[in-house]
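Note that these values count all heavy atoms, side chains included, but never hydrogens, waters or copies made by symmetry. One is the number of the first residue; the rest follow in order along the sequence. Fair warning: this is a prediction, and the values are worked out from it, not measured in the lab.
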Amino acid sequence: MNAIIKPVFRRESMRIAGKLVQTEDQIEVLNPYDNSVVGTVPAARAEHVREAFVKANAFKPKLTRYERQTILQRTAELLRDRQQDFARLITAESGLCWKDSLYEATRAFDVWSFAAQLTIKDDGEIYSCDISPNGKSRKIYTTRLPLLGVISAITPFNHPLNMVSHKIAPAIATNNRVVLKPTELTPLTALALADVLYEAGLPPEMLSVVTGNPSTMGDAMITDPNADLVTFTGSVRVGKHIAATAGYKRIVLELGGNDPLIVMEDADLEKAAELAVTGATKNSGQRCTAVKRILVVDSVADAFSKLVVEKAQKLKCGNPADPDTDVGTVINERSAELFERRVEDAQRFGAEVLHTAPRRGALYAPTVVDHVPYDCELVREETFGPVIPIVRCPDNIAEVIRISNSTAYGLSSGVCTNRVDYVSRFVSELEVGTVNIWEVPGYRIEMSPFGGIKDSGLGYKEGVHEAMKSFTNVRTWSLPWA
Ligand code: NAD
């Protein structure tokens, strides 16, 4: 094993309009693999959050499209040049394996580069008005303007760089100001990203990063009067709290998922098993769009389950800093214990564990569980780790769709079939934001629309293009010439 060198300990400060700000109270950031302290960040109080919003609100960005494109592209290039440094930091504070962290850094490059390219595209529309007997010889034009107030962005732990990028890049592309609160579990990557942005020429007032958790800052990120929009990615519990607390503000909620991979009787089982195992275990199964339930029809379930076990056995689970590791830790031991408990609970209802390994702290091995009842906690709730649960369904598409739609979530889905009649039904009847045929539910490009319905979100999409729309106000203006 040739382990990746750990990053040096970081005693970090917040970045409030570019100024370094400390507090007496500190939060330790732990490496989930060995519980060593990777760094510390300040525990912000409500007054720090208020200061960040006041400073952001006082600044009115006037960057031209060209200037924004230059900053965004420069950021992309700096991230590409420092890909290994970022990956090292992600692995250290999240326990994600080196392969996953490197991949995340390349995804972030795409986010920044796509935002740069979209910034210079004029998205105005023109409506001719002489199109009905009520019309006139005029034209209506649209233009998108930044929000009047500030964007409040709150992010989760599972993609410490990419999730943060998806909030900030579209905001800068549209000349907005952001106050970001990354999760207290993996805040170091977000702070390092802020420094890259300042280096790339971003006026520091356009981005502040406050650190900490609600126990010291309360609901300040949600209720600040200078915040026009709250964009949140995280759990359903917190998302619903934000929806109940934000009041008269725009809110964009990207919440949990419980995505199925559906395997029909005509599927190439080898290919389907590969999608099942990679989809359930990449990023230690901690993707909102990870495969969290595999719905396979009875007639092919035995053969499919055997292939899944073979593929899961090949995965190397261990030290996240070992470049050969396929599955690192989950975020902490508490989460790993929860998965264990849910698997045991499923066993009580008839499920069979076909492959696993003893848990060591937050290191939870890919665990194949077959014959999982579709309504037990393991697959009814979001199990945010590398469990590979196989749910056997009757050979009947209506039943498969019913079972798929039976949870509170509606984020994404993957489907393994070549039958066009099946595809047509899945696309129209699955209650989800995305249907990927012959791909994992998580497949997307960073620019395409992305987001869920039901408990997974309010239906507003993310992805650079959609986020740029939700971060702007449309102004219409008209002229008396056709
Ligand atoms: P979480 O909801 O526990 O925390 C997310 C963030 O909310 C953290 O920064 C946390 O400190 C903050 N927070 C909590 N209460 C707050 C309050 N009152 N005010 C302000 N901030 C508050 O989520 P997590 O455990 O970090 O992330 C995992 C979850 O995120 C999973 O459910 C996953 O599916 C979801 N997720 C969704 C998407 C998506 O796009 N739909 C993407 C990634 C992750």
Any donor and acceptor pair, going by atom type alone, linking the side chain of Lys55 with main-chain N or O of Arg50 inside 3.5 Å?
no
Would you compute the distance between atom OG1 of Thr476 and atom OH of Tyr127 and round it to the nearest 0.5 angstrom?
9.5 Å
So, [X] and [Y], do they make that salt bridge, N to O below 4.0 Å?
X	Y	answer
Arg342	Glu381	no
Glu67	Lys62	no
Lys19	Glu51	yes
Arg107	Asp110	no
Lys249	Asp224	no
Glu205	Arg177	no
Lys99	Asp326	yes
Glu377	Arg341	yes

Donor + acceptor pair across side chains of [X], [Y] (<3.5 Å):
X	Y	value
Thr189	Glu93	yes
Lys181	Ser152	no
Asn213	Ser215	yes
Thr186	Ser94	no
Ser36	Asp34	yes
Glu466	Ser470	no

Does the side chain of [X] reach to within under 4.5 Å of the side chain of [Y], using non-hydrogen atoms?
X	Y	answer
Met206	Tyr198	no
Leu430	Ile262	yes
Arg293	Leu378	no
Arg80	Thr106	no
Phe384	Asn258	no
Met221	Val210	yes

Is it the case that atom CD in Glu24 sees more than 12 heavy atoms from other parts of the structure closer than 6.0 Å?
no
Should the heavy atoms of other residues, nucleotides or ligands under 6.0 Å from CZ of Arg138 be counted, would the total exceed 12?
yes
Between Trp477 and Tyr141, how do the two ring planes meet: parallel, tilted or perpendicular, split at 30° and 60°?
parallel
From the options Leu197, Leu180, Thr211, Asp195, select the one residue that forms a side-chain contact (heavy atoms from CB on, under 4.5 Å) with Arg15.
Asp195
As a test of understanding, state which of Ile445, Leu72, Leu118 forms a side-chain contact (heavy atoms from CB on, under 4.5 Å) with Val464.
Leu118
Answer yes or no for Arg359 and Tyr364: cation-pi contact, defined as NZ/CZ to six-membered ring centre under 6.0 Å and angle to ring axis within 45°.
no
